[in-house]
**Student:** 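One structure follows; several queries about it will come next.
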Amino acid sequence: MSELFAPPRLRLGVNIDHVATIRNARGGDHPDPVRAAQIVAAVGGDGITAHLREDRRHIRDEDLARIQAATNLPLNLEMAATEEMLAIALRHQPHACCIVPERREERTTEGGLDAAGQHNRLAPIVARLSDAGIRVSLFIAPEARQIEAAMKLGAPVVELHTGEYAHAQGDARAVELKRLTDMAALAAKNGIEPHAGHGLTYDNVQPVAAIPQLAELNIGHYLIGEAIFVGLESAVQRMRTLMDEVR
Ligand SMILES: CC(=O)[C@@H](O)[C@H](O)COP(=O)(O)O
Ligand SMILES: NCC(=O)COP(=O)(O)O
């Protein structure tokens, strides 16, 4: 890599959805995702990511304002491309919105947003969010056609779906890592800030974190799982250390 290229600081956004999953398991208010956000802020996390799903299986509408009020960290609201979610985003004015595909029956986000195939549906939503001063990100598979679609939509950010990479083994993982590497470079070359996320863990994060054009990783499920054993502060600190080791 040229000595003239200084990689951007790699931010860590912590997705606190699954604190709310545990909370909702008993229908009460503990553990509170707001407390998780405060711990993330106190330990040096760079942002909070929360996915307000149509079925509210974890994060709920009333969590959003509470999370925003609880820390000065930027909130990255993940949302489906629907009028309902657009209205909620415009009401709450998060720092960023990441538009993700969503199917009620899915266990977790399965694929990337088909920005290429849904241009006409996405364009007004991207425009309305952008006009409101909200940073728009598209959660896409690492594919050139999706990067090109993001450019056409005027999205300033893409978040590359790392799920295929995370689930791949052996040679297949190397193939997926190259896709992520190539697409991060393509996005950056075209003025789009590349992020990455989904399924990242202590064991698989470093090759992704080493991709020089990436500006942000969003990591949730694994960190909340680790937090059960070591505490959220330690889990976030460990992930931060692993990311810094390769930058
Ligand atoms: C978009 C993404 O990969 C994650 O934010 C994921 O959606 C977390 O939420 P779930 O675990 O409910 O899918
Ligand atoms: N967009 C990815 C995210 O926010 C967290 O995904 P995961 O780490 O919960 O799989």
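Counting starts at 1 for both ligands and their atoms, in listed order.
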**Student:** Taking only heavy atoms of Val100, which atoms of ligand 1 are found under 4.0 Å from at least one of them?
**Tutor:** 1 (C)

**Student:** Have a look at Glu176 and tell me which of Lys178, Arg179, Arg173 forms a salt bridge (Lys or Arg N to Asp or Glu O under 4.0 Å) with it.
**Tutor:** Arg179

**Student:** Which atoms of ligand 2 have any heavy atom of Gly220 under 4.0 Å away?
**Tutor:** 5 (C), 7 (P), 8 (O), 9 (O)

**Student:** Any N/O of Arg57 closer than 3.5 Å to an N/O of ligand 1?
**Tutor:** no

**Student:** I'd like to know if the side chain of Thr82 reaches the main chain of Met85, judged simply by a donor and an acceptor atom lying under 3.5 Å from each other, with no hydrogens or angles considered.
**Tutor:** yes

**Student:** Atom 10 (O) of ligand 2: which protein heavy atom is closest, and how many Å away?
**Tutor:** Gly199 N, 2.8 Å

**Student:** Who's the nearest protein heavy-atom neighbour of atom 5 (O) of ligand 1, and how far?
**Tutor:** Glu78 OE1, 2.2 Å

**Student:** Do the side-chain N and O atoms of Glu78 and Asn76 include a donor-acceptor pair separated by under 3.5 angstrom?
**Tutor:** no

**Student:** Verify the distance criterion only: is there a donor paired with an acceptor across the side chains of Thr49 and Asn15 at less than 3.5 Å?
**Tutor:** no

**Student:** Give me the atom names and distance for the closest heavy-atom approach of Pro33 to Ile59.
**Tutor:** CB-CD1, 4.5 Å

**Student:** Can you see which heavy atom on His51 is nearest to which on Asp17, and at what distance?
**Tutor:** N-OD1, 2.8 Å

**Student:** How does Phe139 reach ligand 2, if at all, at less than 4.0 Å between non-hydrogen atoms: by side chain, backbone, both, or neither?
**Tutor:** side chain

**Student:** Looking only at heavy atoms, is any part of His18 under 4.0 Å from ligand 2, and if so is it the side chain, the backbone, or both, or is it neither?
**Tutor:** neither

**Student:** Starting from atom 9 (O) of ligand 2, what is the nearest protein heavy atom, named by residue and atom, and what distance separates them?
**Tutor:** His221 N, 2.8 Å

**Student:** Within a distance under 4.0 Å of any heavy atom of Ile219, pick out the atoms of ligand 2 and give their elements.
**Tutor:** 8 (O)

**Student:** Please report the closest heavy-atom contact between Leu153 and Ala115, naming both atoms and the distance.
**Tutor:** CD1-CB, 4.1 Å

**Student:** With the side chain counted from C-beta on, respond yes when Phe139 and His198 share a heavy-atom pair under 4.5 Å apart, and no when they do not.
**Tutor:** yes

**Student:** Contact between Leu186 and Glu143 at the side-chain level, heavy atoms closer than 4.5 Å - yes or no?
**Tutor:** no

**Student:** Examine the side chains of His195 and Glu193 and answer whether a donor and an acceptor come within less than 3.5 Å of each other.
**Tutor:** yes

**Student:** Counting each atom of ligand 1 from 1 as listed, which ones have a heavy atom of His51 under 4.0 Å away?
**Tutor:** 7 (O), 9 (O)

**Student:** To which protein heavy atom is atom 7 (O) of ligand 1 closest, and what is the distance rounded to 0.1 Å?
**Tutor:** Thr109 OG1, 2.5 Å

**Student:** Nearest protein heavy-atom contact for atom 11 (O) of ligand 1: which residue, which atom, what distance?
**Tutor:** His18 NE2, 2.7 Å

**Student:** Out of all atoms in ligand 1, which are within 4.0 Å of some heavy atom of Asp17? Include the element for each.
**Tutor:** 8 (C), 9 (O)

**Student:** Checking contacts here: is it the side chain or the backbone of Thr49 that comes within 4.0 Å of ligand 1, counting heavy atoms only? Could be both or neither.
**Tutor:** neither

**Student:** For Thr49, counting its heavy atoms only, list the atoms of ligand 2 lying under 4.0 Å from any of them.
**Tutor:** 4 (O)

**Student:** What atoms in ligand 1 come closer than 4.0 Å to a heavy atom of Thr108?
**Tutor:** 10 (P), 11 (O), 13 (O)

**Student:** Measure the distance from atom 6 (O) of ligand 2 to every protein heavy atom, then report the residue, atom name and distance (to 0.1 Å) of the closest one.
**Tutor:** His198 CA, 3.6 Å

**Student:** Could you verify whether a donor N or O on one side chain and an acceptor N or O on the other, from Asp114 and Gln146, lie under 3.5 Å apart?
**Tutor:** yes

**Student:** Please list, in number order, the atoms of ligand 1 under 4.0 Å from a heavy atom of Arg53.
**Tutor:** 10 (P), 12 (O), 13 (O)

**Student:** Please report the closest heavy-atom contact between Ala36 and Ile16, naming both atoms and the distance.
**Tutor:** CB-CG2, 4.1 Å

**Student:** Glu159 near ligand 1, heavy-atom distance under 4.0 Å?
**Tutor:** no

**Student:** What protein heavy atom lies closest to atom 12 (O) of ligand 1? Include the residue and the distance to one decimal.
**Tutor:** His58 NE2, 2.6 Å

**Student:** Work out whether the distance between some heavy atom of Glu78 and some atom of ligand 2 is less than 4.0 Å.
**Tutor:** yes

**Student:** Could you see which bit of Glu159 sits under 4.0 Å from ligand 2, with heavy atoms only: side chain, backbone, both or neither?
**Tutor:** side chain

**Student:** Quick check: closest heavy atoms across Tyr202 and Ser234, and the distance to 0.1 Å?
**Tutor:** OH-O, 4.3 Å

**Student:** Which part of Asn15 is near ligand 2, with near meaning a heavy atom under 4.0 Å away: side chain, backbone, both or neither?
**Tutor:** side chain

**Student:** Taking all non-hydrogen atoms of both residues into account, name the closest pair between Val208 and Ala196 and its distance.
**Tutor:** CG1-CB, 4.1 Å

**Student:** Starting from atom 2 (C) of ligand 1, which protein heavy atom do you reach first, and at what distance in Å?
**Tutor:** His198 ND1, 3.5 Å

